[in-house]
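Side chains are part of it too, since the values below use all heavy atoms of this structure and drop only hydrogens, waters and symmetry mates.
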Amino acid sequence: MHIETPLLASATLSRLCGSEVWLKMESAQPTGSFKLRGIGHACRVHRDRGATGFVSSSGGNAGLAVAYAGRRLGLPVSVVVPTTTQQRSIDLIQEQEAEVTVRGEDWNAAHEHALELQTDGRILVHPYDDPLLWEGHASLIDEVATAWQGEAPDLVVLSVGGGGLLCGVMQGMDRNGWSDTAVLAVETPGAASFHAACEKGQLIAIDRIDTIAACLGARQVSQQAFEYGQRPAVSSALVSDEAALSACRAFLDDHRTLVEPACGASLAVAYGQHPAARGRRRVLLIVCGGAGVTLEQLQRWSKQLEQSDDQR
Ligand SMILES: *Cc1c(COP(=O)(O)O)cnc(C)c1O
């Protein structure tokens, strides 16, 4: 269902960081993000166990991936999205022939409703907290390990929302023996639930989400993501919305690929020459992608950030 994505050396980012920077281009997946790996895997397993349909509570890339997987498997999909969801995201999900219901003011409220739609046959596919998802996401590390014939990078850079990608990457790293590789988990300050849990040393929920990187907006990460965060090799970094957005713009020029600010956050680590990414032998940056972006939307976000800056 997902494809094997390109693994590209970035001359620009390598020069900037003084490290060999490699990009795993998950933006090239049919639904525009890595989500299809885990969700495609989960949907297939559920189908084999007799599922007759799927429910999702995400108006973003997870909902789109469930819609795509359901269509490919010939099973109906219902996606419940909160009122804050962009029309474009709804259009993309409907294009995959899924039924969209708008319900609730935020993801938690939409998720409550999605739970009610669940039946024995209709399975709710969680956007990040599900071992089947992690198993599927881990395949991206397998691909890199195969390409590099077992040689590991010094550092993996990735974005964290609820931590599904992190769990998958850690699982993939473990099974490929990348035991000396550091991991930098990136968020924006308005969605810093992983950062908060790492600082406190316990799993906690943040009060509210306030960022243009909507995909990073989970108020609490999963228990498993928190536990991986306790490993010494894993550290957390924050980059501003402005830095994430300007990384999206620079990446569009340098690599001719449009990605969401959620992905821009990881790119900003390299563009901003974050100390963790400098002078490394080899850095793997996961370009997680995202379909909820257009050139026009990038410009609207720029204006929005300028205005909130003026108000400060
Ligand atoms: C889902 C998503 C994330 C965050 O992934 P988690 O598994 O929730 O941590 C980051 N970027 C993009 C583009 C996403 O779709």
Side-chain angles (χ1 to χ4, degrees), residues 24 26 33-35 37-39 41-42 45 57-58 60-62 65 107-108 111 115 124-142 144-145 152-209 211 213 215-239 262-263 265-266 269 274 276-277 283-286 288:
K24 185 61 173 159
E26 290 304 296
S33 82
F34 71 93
K35 290 266 178 14
R37 290 184 185 267
I39 287 175
H41 176 66
V45 169
S57 55
S58 157
N61 296 306
W107 177 79
N108 288 292
H111 189 67
L115 286 169
L124 178 89
V125 184
H126 197 280
Y128 58 84
D129 194 2
D130 177 354
L132 285 174
L133 242 68
W134 311 335
E135 168 72 27
H137 292 341
S139 62
L140 83 87
I141 297 296
D142 296 338
V144 178
D154 310 305
L155 175 71
V156 175
V157 179
L158 82 179
S159 298
V160 177
L165 178 61
L166 175 69
C167 291
V169 164
M170 296 303 294
Q171 204 169 304
M173 286 175 54
D174 282 350
R175 75 185 181 202
N176 285 285
W178 291 9
S179 49
D180 295 328
T181 301
V183 174
L184 191 65
V186 190
E187 295 166 301
T188 54
S193 47
F194 183 71
H195 188 75
C198 291
E199 292 271 287
K200 277 253 169 186
Q202 73 189 64
L203 192 56
I204 52 169
I206 54 173
D207 291 336
R208 62 191 206 102
I209 302 293
T211 179
C215 278
L216 305 186
R219 288 185 48 221
Q220 184 172 317
V221 298
S222 69
Q223 172 69 30
Q224 183 64 61
F226 166 70
E227 283 172 21
Y228 281 128
Q230 299 294 101
R231 290 195 188 177
V234 179
S235 48
S236 154
L238 298 180
V239 306
C263 175
S266 282
V269 162
H274 189 284
V283 174
L284 176 66
L285 202 156
I286 297 169
C288 50

- Least distance between heavy atoms, Gln230 atom then Gly201 atom: OE1-CA, 4.3 Å
- Return the minimal non-hydrogen interatomic distance between Ile206 and Ala192, and the atom names on each side. CD1-N, 3.8 Å
- Within-4.5 Å side-chain heavy-atom neighbours: Glu135 and Val45: no
- Query: How many angstroms lie between atom CG of Leu166 and atom CZ of Phe226, to the nearest 0.5 angstrom?
  - Reply: 12.5 Å
- Given the options Ile39, Leu165, Leu158, Phe34 meets side chain to side chain contact (heavy atoms under 4.5 Å, CB included) only with Leu165
- Query: Should Asp129 and Trp134 count as side-chain neighbours, where that means a heavy-atom distance under 4.5 Å?
  - Reply: yes
- Okay, side chain of Asp130, backbone of Leu132: is any donor-acceptor separation there less than 3.5 Å? yes
- Are any of the side-chain heavy atoms of Gln224 and Met170 separated by less than 4.5 Å? no
- Message: Tell me whether Ser159 contacts the main-chain N or O of Ala265 through its side chain, where contact means a donor paired with an acceptor under 3.5 Å.
- Response: no
- Message: Within the structure provided, determine whether Val183 and Tyr228 are in side-chain contact (heavy-atom separation under 4.5 Å).
- Response: no
- Would you call Ser266 and Leu285 a side-chain contact if the rule is heavy atoms closer than 4.5 Å? yes
- Message: Measuring from atom CD of Glu199 to atom OG of Ser236, what distance do you get when rounded to the nearest 0.5 angstrom?
- Response: 7.0 Å
- Shortest non-hydrogen separation from Phe194 to Ala225 and the atoms involved: CE1-O, 3.5 Å
- Say you draw a straight line from CG of Leu284 to CG of Leu155; how long is it, rounded to the nearest 0.5 Å? 8.5 Å
- Item | Residue list, ring-ring contact (aromatic ring centres under 6.0 Å, His included) with His111, at least two apart or on another chain | Trp107, His126
- Between Glu187 and Ser193, is there a donor-acceptor pair closer than 3.5 Å when you use the side chain of the first and the backbone of the second? yes
- Where is the tightest heavy-atom contact between Ala277 and Val269, given as atom of each residue plus distance? CB-CG1, 4.1 Å
- To the nearest 0.5 angstrom, please state how far the CG atom of Leu140 sits from the NZ atom of Lys24. 6.5 Å
- Message: I'd like to check Arg175 versus Asp142 (side-chain heavy atoms, cut-off strictly below 4.5 Å). Are they in contact?
- Response: yes
- Query: Atom SG in Cys167, atom NE2 in His137: separation rounded to 0.5 Å?
  - Reply: 9.0 Å
- Shortest non-hydrogen contact from Ala262 toward Cys215: CB-CB, 3.6 Å
- Item | Ala62 versus Pro127, closest heavy-atom pair with distance | CB-CB, 3.7 Å
- Would you check if Ser58 and Asn61 make a side-chain contact, meaning some heavy-atom pair closer than 4.5 Å? no
- Mind checking the OG-NE2 spacing from Ser139 to His41? Nearest 0.5 Å is all I need. 9.0 Å
- Begin from the C-alpha positions of Val160 and Leu216 and carry the test side chain to side chain contact (heavy atoms under 4.5 Å, CB included) through to its verdict. CA-CA 6 Å; Val160 177; Leu216 305 186; 5.9 Å; no
